[in-house]
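No hydrogens, no waters, no symmetry mates; every other heavy atom, side chains included, goes into these values. These figures come from a predicted structure and were not determined experimentally.
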Amino acid sequence: TKTGGEMVVYKMQITDGPHANRILWARFNVRNANPKAQEIGLGQLSGFCRAVGVAELTDTDDLCGKPVAMRVKIRPARDGYEAQNEVAGFASASGTPATPDAPQPRAATPATPTSRPAAPGASKPWQRAA
């Protein structure tokens, strides 16, 4: 990130419906100096893992190519940037919410990583220290 943190970024393509073939990005802030930002990012990553059926994440590649439903909202234009689509929640491709309070997402998509690989032997940001 711009502040020296780390994030996992997935590029997703919508596979059905009126927005088929559109591309969206999901960004999970996994290391951040702001504990709240990190907590939110790890929570989002956890919801994504549950939605694609990965119970214990050992490698982000385990999340690739798996169908997932997602809820998308539009972030209004601000600070010189145009309005943007923002992934706001995940569910299994069958429609089961990944979290109890998650609204029902619609578009099924396969995930593809766009983050750079971690250095060999480096701890994974989503793993808790023992």
Side-chain angles (χ1 to χ4, degrees):
T1 65
K2 290 179 185 177
T3 60
E6 292 182 41
M7 72 173 48
V8 175
V9 180
Y10 279 88
K11 179 180 176 183
M12 301 182 182
Q13 183 173 12
I14 298 174
T15 58
D16 64 3
H19 303 290
N21 299 317
R22 286 210 163 181
I23 303 294
L24 295 167
W25 285 264
R27 294 170 178 86
F28 307 111
N29 200 345
V30 295
R31 282 199 183 142
N32 194 290
N34 179 329
K36 187 64 174 174
Q38 182 171 313
E39 178 183 340
I40 291 168
L42 290 171
Q44 292 168 331
L45 180 59
S46 176
F48 182 58
C49 289
R50 287 190 305 276
V52 297
V54 174
E56 186 173 327
L57 185 62
T58 57
D59 190 325
T60 55
D61 285 346
D62 295 343
L63 303 172
C64 297
K66 297 186 182 210
V68 64
M70 63 185 153
R71 186 172 137 259
V72 179
K73 65 181 183 179
I74 298 173
R75 182 185 328 161
R78 66 177 179 188
D79 301 326
Y81 292 98
E82 295 181 22
Q84 297 179 9
N85 290 322
E86 183 176 290
V87 178
F90 298 97
S92 72
S94 66
T96 306
T99 55
D101 59 344
Q104 183 80 13
R106 290 190 217 145
T109 63
T112 305
T114 58
S115 60
R116 67 180 189 274
S123 67
K124 294 167 181 65
W126 58 87
Q127 293 178 326
R128 294 184 187 258

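The CG atom of Asp59 sits 4.5 Å away from the CG atom of Asp61 when rounded to the nearest 0.5 Å. Taking CD of Glu82 as the reference point, atom CD1 of Ile74 lies at 12.5 Å (rounded to 0.5 Å). Note that OG1 of Thr3 is 13.0 Å distant from CZ of Arg31, once rounded to the nearest 0.5 Å. In this structure, CD in Glu56 is found 10.0 Å from CG in Asp62, a value given to the nearest 0.5 Å. Note: Leu63 CG to Phe48 CZ = 5.5 Å, rounded to the nearest 0.5 Å. From Lys11, atom NZ reaches atom CZ of Arg27 across 11.5 Å, with rounding to the nearest 0.5 Å.
Asn29 has its side chain out of reach of Ile40: every pair of non-hydrogen atoms, C-beta onward, lies at least 4.5 Å apart. Contact check for Phe90 versus Cys49: no side-chain heavy atoms found under the 4.5 Å cut-off. Residues Phe28 and Met7 are not in side-chain contact: their nearest non-hydrogen atoms beyond the backbone lie 4.5 Å or more apart. Using a 4.5 Å heavy-atom threshold, the side chains of Val72 and His19 count as separate. Put simply, the side chain of Leu45 does not reach to within 4.5 Å of the side chain of Thr60, judged on heavy atoms.
For the salt bridge (charged side-chain N to carboxylate O under 4.0 Å, His left out) test, residues two or more places apart in sequence or in another chain that qualify with Arg75 are Glu86. With sequence neighbours excluded, no residue forms a side chain to side chain donor-acceptor pair (under 3.5 Å) with Asn85.
Closest approach of Pro67 and Ala93 over heavy atoms only: CB-CB, 3.8 Å. For Val52 against Lys66, the heavy-atom pair with the smallest separation is O-CD, 3.7 Å.
Side-chain atoms of Glu6 do not come within 3.5 Å of backbone N or O of Val30 as any donor-acceptor pair.
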